[in-house]
Amino acid sequence: MIYKNSLPIGSLSLALLLTLSLVSNASSVSGAENKSIYTTKKHKVTYEPPQGNRPKESVGGASRGDRCPTDSLEQNLPLTPLLPTDSPSLTLETHPTLLVYVPETSAKTALLSVRDASEDYDYLTTVPISDRAGIISLTLPDDAPALEVNREYKWSLSLLCDNKLRPDSPVTQGDILRVARNRNLSDELAQADLLESAAIYASAGLWYDTVSSLAKLKSVEPQDSEVSANWEGLLTSVGLENIAKAKFVE
């Protein structure tokens, strides 16, 4: 039986082609979405704390004064190290980068100190401080002695109020434990970009290397949503959500 409303063969062919084209396009979009999701998961920076107990002297904010005498009383955040508070802080580097949130202050310089328990390693230097609140990055210079593998170090940053170290100068501190680089990790890092490296460091429990890698990306690509999401997620995961949106200052 032939229906009067039946489409001509040419129209049927055209309809079939249009349907196939729509299906193909939908598959392509779905594939692109899956790829994007996969990429995001692959590059997600998730810090896995290393096993081991925290040293007895735990990291805190300011342990003497909380501000210089001439500083504003309306500071929202104290001098704070960008460190986890419940796990050892590891690095692979001989000269690691330390990140510290510094509130708005009248101090123009700060004293950076790095020591080991026996004080065989004792490094002191002064560093300039911005007059704006924000995160500063401090990399141990090449002329500082290299940190040794499997040796723990303590570092501190003290604001020099009135350009001198006072009994009530704001100070914050942290610990560093350098660990050996294994071959598998080296092979992974050799083929990774900076964001991938941050993810690799994080999964290996290497805090200093993770946060410094993301900080470099954050400074170079402040508008990159993936970098910002990873940065804020990393800091929030260790209780530093109040600092997660702070700006970087020099």
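Note that the CG atom of L185 and the CG atom of D209 stand 9.0 Å from one another [nearest 0.5 Å]. To the nearest 0.5 Å, atom CD1 of residue I176 and atom CG of residue L140 are 6.0 Å apart.
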| L194 vs V220, side-chain contact (heavy atoms from CB on, under 4.5 Å): CA-CA, chis, key distance, verdict | CA-CA 11 Å; L194 206 50; V220 174; over 6 Å; no
| request: Please assess L99 against Y208 for the test side-chain contact (heavy atoms from CB on, under 4.5 Å), listing each intermediate value before the final yes or no. | output: CA-CA 9 Å; L99 295 169; Y208 283 101; over 6 Å; no
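For the side chain to side chain contact (heavy atoms under 4.5 Å, CB included) with S212, the qualifying choice from T97, L217, L206 is T97, the only one to do so. With L159 as the fixed residue, the side chain to side chain contact (heavy atoms under 4.5 Å, CB included) test singles out one of T172, L165, L111, V102: V102.
Checking side-chain atoms of D71 against main-chain N and O of S106 turns up a donor-acceptor pair under 3.5 Å. Within the 3.5 Å criterion, the main-chain N or O of N150 finds no donor-acceptor partner in the side chain of R178. Proximity of a side-chain donor or acceptor of E196 to a complementary backbone N or O of D193 within less than 3.5 Å is detected. Side-chain atoms of N182 come within 3.5 Å of backbone atoms of N184 as a donor-acceptor pair (strictly under, hydrogens ignored). Side chain of D116 to main chain of R151: no donor-acceptor pair is present (N/O by atom type, distance under 3.5 Å, no hydrogens or angles).
Hydrophobic cluster membership differs between V211 and L90, with clusters built from Ile, Leu, Val, Met, Phe, Trp and Tyr side chains linked at under 4.5 angstrom.
Remark: Y47 pairs with W207 by the ring pair (Phe, Tyr, Trp, His ring centres under 6.0 Å) rule, at least two apart or across chains. Residues meeting the side chain to side chain donor-acceptor pair (under 3.5 Å) test with S219, sequence neighbours left out: none. Residues that satisfy the ring pair (Phe, Tyr, Trp, His ring centres under 6.0 Å) test with Y153, not counting sequence neighbours, are Y121. Here T210 pairs with nothing under the side chain to side chain donor-acceptor pair (under 3.5 Å) rule; sequence neighbours left out. With sequence neighbours excluded, no residue forms a ring pair (Phe, Tyr, Trp, His ring centres under 6.0 Å) with W155.
In this structure, E250 does not pair ionically with R132, as no charged nitrogen and carboxylate oxygen lie closer than 4.0 Å.
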Side-chain donor-acceptor pairs of residues 232-239 under 3.5 Å, sequence neighbours excluded:
unit_1, atom_1, unit_2, atom_2, d
E232, OE1, K245, NZ, 3.2
E232, OE2, K245, NZ, 3.1
T236, OG1, E232, O, 2.8
S237, OG, L234, O, 2.6

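Environment of CD in E93: crowded, with over 12 heavy atoms of neighbouring residues, nucleotides or ligands closer than 6.0 Å.
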